[in-house]
Amino acid sequence: MIEENQDENKLIAQRREKLTAIRAKRVAFPNGFIKEDTSTDLIEKYETKTKEELEGLAVTAAIAGRIIRMRGPFVVLQDGSGQMQIYLNNKSYSDEQAEEIKAFDLGDIIGVHGEIFKTGKGELTLRAGTFELLTKSLRPLPDKHKGLTDTEMRYRQRYVDLIVNEESRKIFQTRSRIMRLIRQYFESLDFMEVETPMMQVIPGGATARPFITHHNALDQEMYLRVAPELFLKRLVVGGFERVFELNRNFRNEGLSTRHNPEFTMLEFYQAYARYQDLMDLTEDLFRKIAIEIGGSSKVSFQGSEYDFAEPFARLSVTDSIKKYCSVVDDAAFASTESVVALANSLDVHFDENWSKGKVLMEIFDQKVEAQIDQPTFITEYPIEVSPLARRNEQNPEITDRFELIIGGRELANGFSELNDPEDQAERFKEQVAQKDSGDSEAMHFDHDYVTALEYGMPPTAGEGIGIDRLVMLFTDSASIKDVLLFPHMRVQQDPT
RNA sequence: GGGGCGUUAGCUCAGUCGGUAGAGCAGUUGGCUUUUAACCAAUUGGUCGUGCGUUCAAGUCGCACACGCCCCA
């Protein structure tokens with residue numbers, strides 16, 4: 001029902017009156033129209049025929065869609081596949097039908113049956129033999145040339161954005177294709193797609209603040225997952241040697257052009273693989289997506305160009321700091337004191353009681369990451385910030401881990417998995433100690449996960465890829481909101 | 001959390017020095033009826049984001065708030 005105080009504008013009121021008149025005559029929202037063709041199919045099939053050939057063929061067709069243009073007797077319909085012009089001359093119908101045509105508005109959805117012909121200007125057109133209003137649109141569409149440009153309205157009313165902005169429709173079609181490609185890619189490598197809990201009693205698998213909810217029947221606090229990692233590795237213990245999950249994670253953190261509280265993540269685990277194998281796989285995957293989506297290994301993104309035919313650069317955390325912060329002496333990374341001194345000299349903000357590895361990563365996050373444009377694997381992450389990753393055999397302070405940076409953004413994070421249950425128990429203890437000393441992002445101790453590792457997990461490598469950022473990359477989108485159909489927005493306050 | 005910018009008709013946008021609000025599209029009425037951002041004539045439409053203040057007078061100046069965008073932490 002319409003709220004009484006909702007002061008509808010005149011345009012909507014006029015359309016509502018038209019709908020009332022339709023209701024008085026017939027079923028206002030009929031659903032019996034049989035749509036036999038799509039606009040794109042018809043154009044592909046008949047566009048190459050001449051005007052005369054089409055007259056000889058006398059092809060009939062039935063299409064349905066939304067009216068998006070009216071040029072006198074010519075009406076452009078938009079359907080799921082594209083657009084096609086209709087010829088609807090109200091002089092060639094009964095008075096009653098002519099009135100109905102006059103009452104059509106931009107945005108109405110109609111079904112048309114008739115014969116295909118070419119106009120004097122050569123545009124393939126469907127001459128309406130019969131026509132039927134299927135859905136009356138009560139709200140006026142945005143500007144027919146400029147579409148809807150107000151970013152807030154585009155996100156809040158995505159359905160309007162999709163009606164009028166083709167670029168927007170394309171982004172989400174591309175997103176869907178990328179998701180399909182990823183599934184095909186992993187299936188071709190004998191990975192099995194699985195679904196693990198999104199509601200968890202212990203939120204694990206990442207250092208991030210979770211959303212908290214409550215299960216009434218069990219009277220128990222539960223968390224929306226920040227990552228599926230620990231469950232996927234339980235499956236590797238169970239004998240599924242190649243698994244992947246492509247679904248939503250939830251992190252209770254701020255919003256930005258790169259962060260949405262719920263976001264889509266691909267995680268995959270491969271037994272008997274090492275993190276180096278996953279770097280190779282990642283290069284291959286990105287190359288295939290680039291070629292499949294853009295027809296070329298080269299991708300333009302926000303003014304940069306990346307060629308995914310080339311192998312990605314590989315650089316350790318400390319080497320990247322040396323390269324981008326003009327540090328020449330390796331001694332800067334030798335001790336906690338020297339790393340703290342380096343952070344101070346680079347004007348990096350950090351907490352006094354942080355460990356060496358954490359301060360080191362803070363230097364990387366604040367001073368290096370944004371500067372890395374071309375695809376680069378950063379390796380040799382400190383053990384303190386990698387509680388689930390395998391310890392390096394030569395250097396016990398670092399892990400067999402990498403992150404992929406492109407355009408200053410983290411796209412992927414992978415490592416050889418820690419499968420030593422006793423080391424894992426120690427790492428959880430350290431996380432709990434950090435949590436007790438006030439770090440709200442630190443991990444919980446997951447005893448059952450350690451138990452699983454005690455049964456034995458084969459040597460395994462695993463990786464997560466942020467799908468929203470991946471889609472941003474391949475659609476040249478500046479904001480994560482542009483690749484999310486319904487991005488999170490603050491509620492608008494009621495003006496009462 | 002801090003800073004900057006924005007919010008005017010259904011949509012896209014102007015609005016000068018503070019002086020009673022304008023265009024294009026959409027809409028309405030009529031004409032035209034193989035057009036291509038269709039065209040021609042006439043015409044309707046405004047809590048200027050919200051609130052408070054300064055002023056004879058506020059879309060315009062000030063303050064607060066809301067929402068959005070960008071940058072920084």
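Within every chain, numbering begins at 1; the chains are lettered A, B, ... in the order of the sequence lines, protein sequences first and strands thereafter.
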Going by atom types alone, do T257(A) and S479(A) pair a side-chain donor with an acceptor below 3.5 Å?
no
So what's the dot-bracket for RNA chain B: Watson-Crick or G-U pairs under 3.5 Å, [ ] if a pair crosses, | if it pairs off-strand?
(((((((..((((.....[..)))).(((((.......))))).....(((((..]....)))))))))))).
d(CZ, R154(A); C1', rG10(B)) in whole Å
18 Å
Per the ring-ring contact (aromatic ring centres under 6.0 Å, His included) rule, which among F415(A), Y275(A), F402(A), F286(A) passes with F377(A)?
F402(A)
Within less than 4.0 Å of OP1 or OP2 of rU35(B), is there a side-chain N or O belonging to R71(A)?
no
Salt-bridge test for D161(A) and R156(A): reply yes if a basic N is under 4.0 Å from a carboxylate O, no otherwise.
no
Atom CG of D482(A) and atom P of rC69(B) are separated, to the nearest Å, by 10 Å
Rounding to an integer number of angstrom, what distance separates rC25(B) and rA37(B) when you compare their P atoms?
14 Å
Of the listed nucleotides rU33(B), rC11(B), rU34(B), the one nearest the side chain of L148(A)
rC11(B)
Do the ring centers of F250(A) and F263(A) come within less than 6.0 Å of each other?
no
Regarding D150(A), tell me which of base, sugar-phosphate or nothing describes its non-hydrogen contacts under 4.0 Å with the strands shown.
sugar-phosphate
5′-ward residue of the pair K367(A)/G147(A) relative to RNA chain B
G147(A)
Proximity to the side chain of K481(A) - top-ranked nucleotide from rU35(B), rC69(B), rC70(B):
rC69(B)
Assign each of S256(A) and E152(A) to its nearest nucleotide of RNA chain B by heavy atoms, then name whichever residue's nucleotide is nearer the 5' end.
E152(A)
Rounded to whole Å, CG of L88(A) lies from P of rA38(B) at a distance of 16 Å
Could you tell me whether S92(A) contacts a base, only the sugar-phosphate backbone, or nothing, with contacts defined as non-hydrogen atoms closer than 4.0 Å?
nothing
Distance between C1' atoms of rG49(B) and rC69(B) (Å, rounded):
15 Å
Rounded to the nearest angstrom, tell me the gap between atom CD1 in I101(A) and atom P in rU35(B).
19 Å
Taking the six-membered ring for Trp, are F104(A) and F131(A) parallel (under 30°), tilted (30 to 60°) or perpendicular (over 60°)?
perpendicular
Which part of the nucleic acid, if any, lies within reach of R156(A) when heavy atoms closer than 4.0 Å are counted: base, sugar-phosphate only, or nothing?
sugar-phosphate
Nearest-angstrom distance, C1' atom, rU28(B) to rU44(B):
7 Å
So what does Q85(A) touch, heavy atoms closer than 4.0 Å: a base, only the sugar-phosphate, or nothing?
base
Using a cut-off of 4.0 Å between protein heavy atoms and nucleotide atoms, how would you tag nucleotides 23-28 of chain B 5' to 3' with B, S and -?
-BBSSS
Could you work out which one of rC67(B), rU34(B), rC70(B) sits closest to the side chain of S479(A)?
rC70(B)
Starting at CE of M153(A) and ending at C1' of rG49(B), how long is that distance when rounded to a whole Å?
13 Å
Between the side chains of E221(A) and Y223(A), is a donor N or O closer than 3.5 angstrom to an acceptor N or O?
no
Taking NZ, NE, NH1 and NH2 as the nitrogens, is one of them in K358(A) or E362(A) under 4.0 Å from a carboxylate oxygen of the other?
no
Return each pair, listed once, that meets side-chain hydrogen bond (donor to acceptor under 3.5 Å, both in side chains) where at least one residue sits in residues 117-130 of chain A; pairs must be two or more places apart or across chains.
Q85(A)-T125(A)
Assess whether a salt bridge exists between K322(A) and D330(A), defined as any Lys/Arg side-chain N lying under 4.0 Å from an Asp/Glu carboxylate O.
yes
Whole angstrom is fine here: how far is it from CD in E123(A) over to C1' in rU35(B)?
9 Å
Quote, to the nearest angstrom, the C1' distance that separates rC39(B) from rC48(B).
34 Å
Could you tell me how far apart I12(A) (CD1) and rA9(B) (C1') are, to the nearest whole angstrom?
13 Å
T38(A) and D79(A) side chains, donor-acceptor separation under 3.5 Å
no
Please classify the nucleic acid contact of Y155(A) as base, sugar-phosphate, or nothing, using heavy-atom distances under 4.0 Å.
sugar-phosphate
Give a yes/no answer on whether the side chain of T149(A) brings an N or O atom under 4.0 Å of OP1 or OP2 in rU12(B).
yes
Atom C1', compared across rU7(B) and rU50(B): separation rounded to whole Å
11 Å
Determine the Euclidean distance between corresponding C1' atoms of rA26(B) and rA9(B); express it in Å to zero decimal places.
11 Å
Is the charged tip of R401(A) near the ring of Y381(A): under 6.0 Å from the six-membered ring centre and within 45° of its axis?
yes
Let's see if you can work this out: which of rU12(B), rU35(B), rG68(B) has an atom nearest to the side-chain heavy atoms of K146(A)?
rU12(B)
Any T151(A) side-chain N or O less than 4.0 Å from OP1/OP2 of rG6(B):
no
Rounded to whole angstrom, note down the C1' distance from rG2(B) over to rC56(B).
40 Å
Rounded P spacing from rG6(B) to rU60(B) in Å
13 Å
Rounded to whole Å, CD1 of I86(A) lies from P of rU34(B) at a distance of 16 Å
Is a side-chain donor-acceptor pair under 3.5 Å present for N413(A) with E463(A)?
no
